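Down below is the structure, laid out as structure tokens.
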Amino acid sequence: MGYKSIHMSHKITVERAKESKIGEIDFKNLPFGKYFSDHMFVVDYYDGDWHDAKIIPFGDLSLHPATSAIHYGQALFEGMKAELDPDGNPIVFRPLKNWNRLNISATRLAMPTIPEELFMNAIDKLLTLDRQWIPSEPLSSLYIRPFMFATEKYVGIRVAEHYKFAIFTCPVGAYYTKPVKVYVSEKYVRAAPGGVGYAKAAGNYGAAMMPTQEAQKMGFDQLLWLDGIHHKYFQEIGTMNIFFVIDGVLVTPGLDQGTILDGVTRDSVIRLAEDEGYIVQERDISVDEVINAYHEGKLEDMFGCGTAAVLSHIGAFHYKGEDYELPDLSERAMSNKLKKRLMDIKSGIAEDVFGWNHTVPVGVYANQ
Ligand SMILES: *Cc1c(COP(=O)(O)O)cnc(C)c1O
């Protein structure tokens, strides 16, 4: 519990919202990312350190028109989820993995890193203050969105010396409710070795918007990206890592090229699958291999996974004019089992064998 020792300059002050907006929310019918909890955390970086850490009522930020992130893209984000365990305690799923990835993204974008104690304290305090915003309905959770961007008021291109890091939260329901149809892109590329594919950089999403929109106009939910060099190996889906089950073996692209995101859900699925005794392979997997497996009747499953959607089955994929239909959900024993176990751990129902959940400590007084 190293983050308990708080550097003085990182003390978090609290200004409570005068009125809660919680009465306006229908917790039985939560869209993704439309409602925002009462408070947010904000901290500014200047003179080589983070200053003025505070929790304030959720509201607009005011920005100088030359704010460098808007022009040159030093901007990144994270995403994780909190739920209430059966005793009503807020639990956050693997926040230190998100903290670690945030700093990996920041380093790639020449942005400052966030100290662990500041990150964890901000989350503990925010969730203590907005505890009643954590939904207790099944499949619902509190989505936590940390983000950082350069705030330099300067139009020249250089690494900024001023940044803002903030966290807000949103109560959310289930993300995709039915199996997704994905389009395998032969034309567009998301990332290449040496690039920023492994960073949760805002710009990765900006670059993916138009190709994704084209796929959606053709009736697909998401793009399934291929590698940037050979246009042959699967990478990931827009917001999710990709898994295949071929002849009983769970296969997912490896992280070694630095072109895909090191998903927390991906890592959790791999570890749970190994724990269940399945064979897991992290390796290159080509479209040809998957289509051959399909024709031989060995392509048993394809699914995506990420914090927002947890585990989403793929109903069909499209490649070079052909649609390939995946088996009925009832036949996808491995992913159904992994999904259930992962969701049960995240809700504090199943035993947390890997020690993944962070329980927000009782007595983190918001105005301390
Ligand atoms: C966030 C994200 C994922 C999923 O990562 P999780 O940590 O599981 O939420 C996968 N791919 C991309 C491109 C992402 O941005």
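Counting convention: from 1, in listed order, for ligands and their atoms alike. In what follows, residues are counted from 1 in the order of the sequence shown. Here the structure is a predicted model, which is why all the values come from computation and not from measurement.
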Part of [X] within contact of ligand 1 (heavy atoms, under 4.0 Å):
X	value
Val264	both
Ile260	neither
Arg190	side chain
Lys200	side chain

*Determine the sole option in Leu126, Val92, Asn89 for which the side-chain contact (heavy atoms from CB on, under 4.5 Å) test with Val360 is passed.*
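The residue from Leu126, Val92, Asn89 that satisfies side-chain contact (heavy atoms from CB on, under 4.5 Å) with Val360 turns out to be Val92.
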*Going by the side-chain hydrogen bond (donor to acceptor under 3.5 Å, both in side chains) test, name the single residue among Lys54, Lys164, His51 that passes it with Asp44.*
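That would be Lys164; it is the only one of Lys54, Lys164, His51 passing the side-chain hydrogen bond (donor to acceptor under 3.5 Å, both in side chains) with Asp44.
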_With Glu152, the side-chain hydrogen bond (donor to acceptor under 3.5 Å, both in side chains) member among Gln74, His64, Arg158_ =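 The single option meeting the side-chain hydrogen bond (donor to acceptor under 3.5 Å, both in side chains) with Glu152 is Arg158.
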Who's the nearest protein heavy-atom neighbour of [atom], and how far?
atom	result
atom 9 (O) of ligand 1	Thr307 OG1, 2.6 Å
atom 15 (O) of ligand 1	Tyr205 OH, 2.4 Å
atom 12 (C) of ligand 1	Glu236 OE1, 3.3 Å
atom 8 (O) of ligand 1	Thr265 OG1, 2.6 Å

Yes or no: does [X] have any heavy atom under 4.0 Å from an atom of ligand 1?
X	result
Gly238	yes
Met80	no
Lys97	no

Which ligand 1 atoms are under 4.0 Å away from a heavy-atom of [X]?
X	answer
Asn241	10 (C)
Gly263	5 (O), 6 (P), 7 (O), 8 (O)
Arg101	5 (O), 6 (P), 7 (O)
Gly306	4 (C), 8 (O), 9 (O)
Met240	10 (C), 11 (N)

Anything under 30° is parallel, anything over 60° is perpendicular, the rest tilted; go ahead and classify [X] against [Y].
X	Y	answer
His162	Tyr46	parallel
Tyr183	His318	parallel
Phe36	Phe168	perpendicular
Tyr163	Tyr45	perpendicular

_Ion pair check, Arg271 and Asp267, cut-off under 4.0 Å_ =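 Here Arg271 pairs with Asp267 in a salt bridge, since their nearest N and O are under 4.0 Å apart.
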*Would you call Glu276 and Arg341 a salt bridge, using N to O less than 4.0 angstrom?*
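Yes, charged N to carboxylate O under 4.0 Å.
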*Check the side chains of Glu214 and Tyr188 for a donor-acceptor pair under 3.5 angstrom, ignoring hydrogens and angles.*
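Yes.
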